[in-house]
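Everything numeric here is computed off the predicted structure, so don't read it as measured data. In this chain, numbering begins with 1 at the start of the sequence shown.
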Amino acid sequence: MSKPQEVSSAAPQEVLYDVSEHIATITLHAPDRMNTISGPMLNQLTERLLEANADRNVRCVILTGSGRAFCAGLDLRPQSGGVGGLAGSGATTSTTLDLRNTPPTVLFEMEKPTICALNGGAAGYGMDTALGCDIRIMAKSAKLAAAFCKRGLVPESGGTWFLPRLIGWSKAAELIFTGRTLSAEESVAWGLASEVVPDAELQSRARALALEIAANAPLAVQAAKRMMRMGLNEPFPEHVHHVFLQLLPLMRTDDVKEGMTAFMEKRQPKFTGR
């Protein structure tokens with residue numbers, strides 16, 4: 001694998017980035033503070049998500065953390081400089097926020113499929129970030145902590161949107177209102193994660209799944225994700241119409257020809273994303 005890179009030589013190295021075999025691995029890298037999101041980390045994460053989404057060579061993204069936590073939430077210490085203007089010095093702030101280029105929005109709008117490999121606890125902002133990924137795989141020691149209301153807050157980064165859609169209103173209300181922490185096994189039972197694996201096997205399992213996804217036609221995978229996202233908020237008749245419109249350009253791609261030819265020849269296809 002290639003050597004992880006810094007976002008900027010002048011900035012703290014709080015997000016690692018690596019691309020190999022069509023897979024981009026983005027790692028939150030501040031293990032000394034349990035990967036809490038600082039201002040620099042917030043900006044670097046946004047940049048790396050956008051970079052992975054724009055790179056034609058990338059077909060799948062793995063988001064994970066270093067150390068014993070995935071992300072313990074926002075880093076609101078005064079010396080951190082605040083996060084996205086949320087932790088100021090008491091000065092008057094604007095009543096409008098531009099969140100278009102912040103990780104929750106960027107992650108939601110990504111075309112590339114995303115896998116969150118939860119190497120440890122995900123609390124607050126970290127939990128919302130994990131929920132923003134398409135697939136979640138959890139190490140046995142990992143947990144999801146919806147501790148917002150216990151801190152006098154609400155899920156500020158997408159949790160109130162994701163949770164009712166993922167697990168239904170009643171379960172979402174129970175989790176948010178109680179601020180409960182779920183173990184990895186409970187997270188799977190509640191429908192918030194796909195599987196639990198031994199801690200030592202987390203990265204290899206996430207990569208195996210990413211390779212399985214990356215072996216498919218990338219334009220088709222991205223179109224499927226786009227249609228799934230649109231389908232969350234539109235009636236069925238309109239949705240199938242949009243799917244048909246998405247299908248037409250796919251039928252003219254080289255990958256469709258390769259997929260059909262490989263099927264007839266009983267071999268594995270070699271997709272190019274064209």
Side-chain angles (χ1 to χ4, degrees), residues 1-5 7 15-27 44-64 100-101 103-118 129-137 162 193-195 202-234 239-274:
M1 297 175 66
S2 60
K3 183 179 179 180
Q5 308 165 17
V7 172
V15 176
L16 305 181
Y17 186 77
D18 171 79
V19 178
S20 65
E21 299 180 285
H22 299 298
I23 299 167
T25 301
I26 300 174
T27 306
Q44 292 171 23
L45 178 56
T46 294
E47 291 172 11
R48 287 318 199 182
L49 289 170
L50 290 170
E51 181 177 353
N53 202 48
D55 188 347
R56 289 180 59 90
N57 184 50
V58 172
R59 299 184 182 182
C60 190
V61 177
I62 296 173
L63 178 61
T64 190
R100 290 171 295 179
N101 288 316
T105 304
V106 171
L107 189 59
F108 178 77
E109 294 180 348
M110 285 186 67
E111 299 281 283
K112 308 294 173 68
T114 54
I115 299 170
C116 187
L118 285 145
T129 301
L131 295 178
C133 293
D134 299 313
I135 300 168
R136 283 160 295 285
I137 299 176
F162 288 118
S194 296
E195 60 181 300
L202 176 67
Q203 299 304 329
S204 60
R205 173 60 189 134
R207 188 163 188 85
L209 178 58
L211 286 169
E212 188 177 354
I213 293 170
N216 288 328
L219 296 179
V221 172
Q222 292 164 35
K225 177 174 177 176
R226 196 178 306 125
M227 291 298 95
M228 290 170 65
R229 187 168 57 227
M230 290 179 66
L232 290 171
N233 296 300
E234 64 183 2
H239 183 68
V240 293
H241 180 72
H242 288 147
V243 170
F244 180 73
L245 292 177
Q246 193 76 196
L247 182 65
L248 292 178
L250 285 176
M251 293 297 293
R252 296 193 290 269
T253 63
D254 292 340
D255 278 354
V256 162
K257 298 175 184 176
E258 168 63 11
M260 298 299 181
T261 301
F263 175 76
M264 297 299 294
E265 295 176 353
K266 298 182 179 180
R267 61 173 175 82
Q268 291 297 315
K270 296 181 180 179
F271 295 117
T272 62
R274 302 183 186 280

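Between H241 and E234 the shortest side-chain heavy-atom distance does not fall below 4.5 Å. Residues L63 and L45 have side chains in contact (heavy-atom distance under 4.5 Å, counting atoms from C-beta outward). Here the side chains of R229 and F108 are in contact, with some heavy-atom distance below 4.5 Å. Between T27 and T25, some side-chain heavy-atom pair lies under the 4.5 Å cut-off. Between P218 and D255, some side-chain heavy-atom pair lies under the 4.5 Å cut-off. Annotation: side chain of K225 is in contact with side chain of M110 (closest heavy-atom distance under 4.5 Å).
In terms of modelled atom types and a separation under 3.5 Å, the side chain of R205 and the main chain of I137 share no donor-acceptor contact. In terms of modelled atom types and a separation under 3.5 Å, the side chain of Q246 and the main chain of A223 share no donor-acceptor contact. The closest donor-acceptor contact from the side chain of S194 to the backbone of I135 lies at 3.5 Å or more, if one exists at all. H22 contributes a side-chain N or O that, together with a main-chain N or O of N57, makes up a donor-acceptor pair within less than 3.5 Å.
To the nearest 0.5 Å, atom OG1 of residue T64 and atom CD1 of residue I115 are 11.0 Å apart. In this structure, CZ in R207 is found 14.0 Å from CD in E212, a value given to the nearest 0.5 Å. Distance CG/D254 to OG1/T272: 5.5 Å, rounded to 0.5 Å. Remark: E21 CD to R59 CZ distance equals 11.5 Å, nearest 0.5 Å. Atoms CE and CG, on M227 and L245 in that order, are 8.5 Å from each other to the nearest 0.5 Å. For the atom pair CZ of R226 and CG of L219, the computed distance is 8.5 Å after rounding to the nearest 0.5 Å.
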Go through R136 and L131 one step at a time and tell me if the side chain to side chain contact (heavy atoms under 4.5 Å, CB included) criterion holds.
-> CA-CA 8 Å; R136 283 160 295 285; L131 295 178; 4.1 Å; yes

Hey, mind stepping through M230 and V243 against side chain to side chain contact (heavy atoms under 4.5 Å, CB included) and telling me if it holds?
-> CA-CA 10 Å; M230 290 179 66; V243 170; over 6 Å; no

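Taking 4.0 Å as the cut-off between side-chain N and carboxylate O, K270 and E258 do not count as a salt-bridged pair.
Nearest approach of N216 to F271, heavy atoms of both residues: C-CD1, 3.4 Å. Heavy atoms only, all atoms of each residue included: T114 and C133 are closest at OG1-CA, 3.3 Å. Between P113 and V221, the closest heavy-atom pair is CG-CG1, 3.7 Å. Counting all heavy atoms, side chain and backbone alike, V61 lies closest to A52 at CG2-CB, 3.8 Å. What you find for A262 and Q268 is that their closest heavy atoms are CB-C, 4.2 Å. Shown here for A210 and I23, the closest heavy-atom pair between the two residues is CB-CD1, 3.5 Å.
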